[in-house]
Number of protein chains: 2
Amino acid sequence: MSTIPEAQTEAVIKEKAKSLFFQKGFLNATTQEIADEAGVNRALIHYYFRSRDQLMDTLLEEAVNEKREKARAVLSSALPFREKISLYIDIVVEYGLKYPFLENFIITETARNPEKVKVLCQTKIKSSDLIRKDLEEEIAKGRLLPITAEHFVINLISLCNYPLLAKTVLQNMHGMSDTAYRKFLQDRKEIIYHAIFHEPLPRITRKEEHPHHPKPAKQ
Amino acid sequence: MSTIPEAQTEAVIKEKAKSLFFQKGFLNATTQEIADEAGVNRALIHYYFRSRDQLMDTLLEEAVNEKREKARAVLSSALPFREKISLYIDIVVEYGLKYPFLENFIITETARNPEKVKVLCQTKIKSSDLIRKDLEEEIAKGRLLPITAEHFVINLISLCNYPLLAKTVLQNMHGMSDTAYRKFLQDRKEIIYHAIFHEPLPRITRKEEHPHHPKPAKQ
DNA sequence: GTTTCGTTTAACAATTTTGTTAAACATAAA
DNA sequence: TTTATGTTTAACAAAATTGTTAAACGAAAC
């Protein structure tokens, strides 16, 4: 039917474009540069995505959905509140390590095109709504100082995401190698938990703990 | 000598370009768009700045220096530690209200041109160095839970800056008008102080407190 | 008034970038 | 082998963008 059907050119283009934007941070990459990265002819980008803008929209939408799903999965789980948050930090930081410039991309694209945000957010279940009940219970039990769910979540994502956004600056300012920077972010998992709850991470550090497989529990 | 000498075309271009990049968040603005914003002929941008890249470099350098000086002024003052931090939050948030996309610009430009960071940071007095002594004293006196100066500062600037970076997204997600967003950031001053020190802001809120005039004290 | 000199402008040139298209290509079906 | 169909390519066209330049302009000095 088609040439090299298993290569899935469309997916390759998206994958390499993601790499270019989200990992290498080249937010002004041209269609030619994307094509080069994917090792395909530039016209294929138009063949599959019609225009550069539509490719960008696709990438943006998928990225936002992916992040949203990650957040939703953890925050709406049945885990105890602090376990949830701990897991959330872990996942966001790990994800940020993989795609250091994703947040930057989201922010830049939405700034360029503010009406695009409405489409992205209209069906969005806000993270703050997902943890509001838990949070209010914690506060009622006196286990946490009063704070609104909105500010709580924004504190959390600020602490997780800013060091990713500022990667280049931080790395140079503190003379960190790439491995040193990774270590730095690993350390931050505990720091963030501490800043949020004003107490150390419970028990063992949870570096390898987040599940890649469905939970065994079901009954 | 010159046409409209008091107009200071060069300064107007820089000012309007700053407005375009830092306030409106149009990070891909062309020279034509900058010229239109400034109400001048596009060639003047080359006349004064030689190339688009050099204009960008100038803006970037000035922005970074301005921010650095603001931070340095507060953090190296003789105020008590918590006063310093409180003032710092106030200034950073206010500055962020004025230039919501400045951080974004810095991050994008340095990502596009990583060697530019070295020039910007080589003489930089790190904020973490400015508060290290204070911080260690606070910790030694048992008034603050142990944390490194680096993480402390990064927590602080993360909490201050991320909500500015994510302005467009946050505003749309929570359906905030511009005034509601300003109010939200005002509220955050206290929230941030609270997250950092695990206790409420001392005494009166300090909305109008930061001095625009030199301090009376001298002797 | 004219000269001078820095500033401003319009017009031009070169380059980059996006988007289109017709032809070439490869595979599967006939 | 031929045909049909979806994919890929090179070449082209159009638009956008940057950078240059010669001429126009305007205020101050002569």
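Residue numbers start from 1 in every chain, and the chains themselves are labelled A, B, ... in the order their sequence lines are given, proteins ahead of strands.
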How about B:H151 and A:F184: are their ring centres within less than 6.0 Å of each other?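 Centroid separation for B:H151 and A:F184: below 6.0 Å.
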Are A:E37 and A:Q32 linked by a side-chain donor-acceptor pair shorter than 3.5 Å? no
For the residue pair A:E33 / A:T30, report whether a side-chain donor-acceptor contact shorter than 3.5 Å exists. yes
Could you tell me how far apart [X] ([atom1]) and [N] ([atom2]) are, to the nearest whole angstrom?
X	N	atom1	atom2	value
B:D36	C:dA10	CG	P	12 Å
A:E10	D:dT8	CD	C1'	15 Å
A:L55	C:dT17	CG	C1'	15 Å
A:Q32	C:dT18	CD	P	9 Å
A:N41	C:dA24	CG	C1'	12 Å
A:D53	D:dA16	CG	P	13 Å
A:I34	C:dT17	CD1	P	12 Å
A:Y47	D:dT7	OH	C1'	5 Å

For the side chain of [X], counting heavy atoms from C-beta on, which of [options] is nearest?
X	options	result
B:T9	D:dG6, C:dT7, D:dT20	C:dT7
A:H46	D:dG6, D:dT20, C:dT20	C:dT20
A:A43	D:dT20, C:dG6, D:dT9	D:dT9
B:T30	D:dT17, C:dT17, C:dT20	D:dT17
B:R52	D:dA10, C:dT18, D:dG19	D:dG19

D:dT17, OP1 or OP2 - any side-chain N/O from B:T31 closer than 4.0 Å? no
Should B:Y48 be listed as having a side-chain N or O under 4.0 Å from OP1 or OP2 of C:dT8?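 Yes.
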Does the side chain of B:I85 come within less than 4.5 Å of B:F152's, by heavy atoms? yes
Under 4.0 angstrom, heavy atoms only, what part of the nucleic acid is A:F49 near: base, sugar-phosphate, or nothing? nothing
Backbone N/O of A:E109 and side chain of A:N113: donor-acceptor pair under 3.5 Å: no
On the side chain of A:R42, is there an atom forming a donor-acceptor pair with the base of C:dG19 - under 3.5 Å, no angle test?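 Indeed there is one.
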